[in-house]
**Q** 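One structure follows; several queries about it will come next.
As the structure lists them, so they are numbered: ligands from 1, and atoms in each ligand from 1.
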Amino acid sequence: MTATLTERGTHRVQRAHVAALHAELTRYGLVTWTSGNVSERVPGEDLFVIKGSGVSYDDLSWEGITVCDLDGGVVDGVRKPSSDTDAHAHVYREMPEVRGQVHTHSPYATAWAARGEEIPCVLTAMADEFGGPIPVGPFALIGDDSIGRGVVTTLRGSRSPAVLMRNHGVFTVGPSARAAVKAAVMTEDVARTVHLSRLLGDPLPIAQSDVDALYARYQNVYGQ
Ligand SMILES: O=C(CO)[C@@H](O)[C@@H](O)COP(=O)(O)O
């Protein structure tokens, strides 16, 4: 049974922060209706917070975010957690460096996922953010840890923070929920650009040594 709001209401600041990050998914057109979700590991605890299943983005506040343990069990909250809770939990158990995750159905990237084709690294922006192509993960049913297993298997061999789960959509990871949101935004951006490039002809590859140099600069030098 989920804890009632009056009984607990723990981790309100982080739940409010994760609730606010969901607005970035609608802002960048990455989700429709209630699709998609964001989660974040609770610092210092074997817990994470995740969007309540089917909760409207229009009125998503801290109460719409549920606290779960790393087995996906509800610890606090008045909303049944996301359909993808077991998937997020599996990734958190298997990839300790991951502190935030995002799932979207963003149109261009999901179109690539529907074809089961990875997005080739033909843009410097891809080398910067993904360090190579955006890989495709296996088809997986929803509701258990199948998606999580596919995400972990696919990302373990890649520098990419994003994976296109075949026939489904985008799953991203990062050192924070905000970083995972950025990866989701950039995934849709490059999916659209590479698609447009292919309409014009064959995009030109970037030499691996250049991809490595661009990735190293962006990850270690870029920004403030
Ligand atoms: O695609 C799926 C599950 O992977 C959707 O149901 C998902 O985007 C949204 O589900 P939730 O509202 O998080 O339960």
Side-chain angles (χ1 to χ4, degrees), residues 2 14-41 47-94 98 100-116 134-155 161-174 177 180-181 183-185 187-188 191:
T2 55
Q14 186 173 17
R15 290 161 76 179
H17 170 66
V18 170
L21 282 174
H22 281 81
E24 299 298 309
L25 305 190
T26 52
R27 177 183 171 201
Y28 286 96
L30 306 183
V31 295
T32 301
W33 199 243
T34 63
S35 69
N37 42 67
V38 179
S39 76
E40 189 171 61
R41 201 190 288 269
L47 301 172
F48 65 96
V49 297
I50 190 166
K51 188 197 88 174
S53 185
V55 175
S56 168
Y57 284 83
D58 293 341
D59 50 20
L60 191 57
S61 62
W62 73 268
E63 293 98 332
I65 306 296
T66 298
V67 185
C68 296
D69 62 30
L70 297 189
D71 292 320
V74 174
V75 170
D76 185 11
V78 292
R79 298 287 190 182
K80 186 174 69 173
S82 169
S83 315
D84 296 312
T85 297
D86 285 344
H88 287 240
H90 182 83
V91 174
Y92 285 130
R93 290 196 305 269
E94 297 297 320
V98 172
Q101 298 180 62
V102 170
H103 167 47
T104 78
H105 294 169
S106 62
Y108 283 89
T110 302
W112 284 86
R115 296 189 62 247
I134 299 177
V136 173
F139 177 83
L141 292 175
I142 295 161
D144 59 20
D145 64 2
S146 301
I147 290 174
R149 292 180 182 278
V151 170
V152 169
T153 302
T154 306
L155 290 186
V163 51
L164 309 176
M165 291 301 283
R166 208 193 81 206
N167 299 110
H168 186 169
V170 178
F171 285 80
T172 66
V173 300
V181 167
V185 171
T187 296
E188 179 65 3

**Q** As an exercise, identify every atom of ligand 1 less than 4.0 angstrom from a heavy atom of Ser82.
**A**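 What qualifies from ligand 1 is 11 (P), 13 (O), 14 (O).
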
**Q** Distance under 4.0 Å to a non-hydrogen atom of Ser35: what atoms of ligand 1 satisfy this?
**A**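 With Ser35 as reference, the close atoms of ligand 1 come out as 8 (O), 9 (C).
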
**Q** Using a 3.5 Å cut-off on N or O atoms only, is Gly36 in polar contact with ligand 1?
**A**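 Indeed, backbone or side chain, Gly36 has an N or O that close.
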
**Q** So if I count the atoms of ligand 1 from 1 in the order they appear, which ones are less than 4.0 Å from some heavy atom of Thr34?
**A**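 It comes down to these atoms of ligand 1: 9 (C), 12 (O).
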
**Q** Counting distance only, does the side-chain N/O of Gln14 pair as donor-acceptor with the main-chain N or O of Arg41 below 3.5 Å?
**A**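 Checking the backbone N and O of Arg41 against the side chain of Gln14, a donor-acceptor pair under 3.5 Å is found.
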
**Q** Tell me: protein heavy atom nearest atom 5 (C) of ligand 1, and distance?
**A**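 The closest heavy atom on the protein side is His105 CE1, 4.2 Å.
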
**Q** Quick check: does any side chain N or O of Thr85 sit under 3.5 Å from a backbone N or O of Ser82, one acting as donor and the other as acceptor?
**A**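 The answer is yes, because a donor-acceptor pair under 3.5 Å joins these two groups.
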
**Q** Please tell me if the side chains of Val67 and Arg15 come closer than 4.5 Å, counting only heavy atoms from C-beta onward.
**A**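 When only atoms from C-beta onward are counted, Arg15 and Val67 do touch, with a gap below 4.5 Å.
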
**Q** Under 4.0 Å from any heavy atom of Asp84, which atoms of ligand 1 are there?
**A**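 Reading through ligand 1 atom by atom, the close ones are 3 (C), 4 (O), 7 (C).
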
**Q** Would you say His168 and ligand 1 have an N/O pair spaced under 3.5 Å apart?
**A**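 Min N/O separation from ligand 1 is below 3.5 Å for His168.
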
**Q** Tell me every residue that passes side chain to side chain donor-acceptor pair (under 3.5 Å) with Thr34, counting only those two or more places apart in sequence or in another chain.
**A**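 By the side chain to side chain donor-acceptor pair (under 3.5 Å) rule, Thr34 matches no residue at all.
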
**Q** If only atom types and distance count, is the side chain of Arg79 paired as donor or acceptor with the main-chain N or O of Glu63 below 3.5 Å?
**A**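 A pair under 3.5 Å: no.
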
**Q** Which of the atoms of ligand 1 are close to Lys51, meaning less than 4.0 Å from one of its heavy atoms?
**A**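 So the answer, numbered in order with elements, is 11 (P), 12 (O), 13 (O).
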
**Q** Taking all atoms of both residues into account, what is the closest heavy-atom pair of Leu47 and Asp69, and its distance?
**A**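 Heavy atoms of Leu47 and Asp69 come nearest at CD2-CA, 3.8 Å.
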
**Q** Compare Gly52, Ser56, Ser83 and give the one whose heavy atom is closest to atom 14 (O) of ligand 1.
**A**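 Closest candidate by heavy-atom distance is Ser83.
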
**Q** Taking only residues two or more places apart in sequence or in another chain, which ones pass side chain to side chain donor-acceptor pair (under 3.5 Å) with Ser39?
**A**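 Ser39 satisfies side chain to side chain donor-acceptor pair (under 3.5 Å) with His88, Tyr92 only.
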
**Q** Does any N or O of ligand 1 fall below 3.5 Å from an N or O anywhere on Ile142, backbone included?
**A**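 N/O-N/O distance below 3.5 Å does not exist for this pair.
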
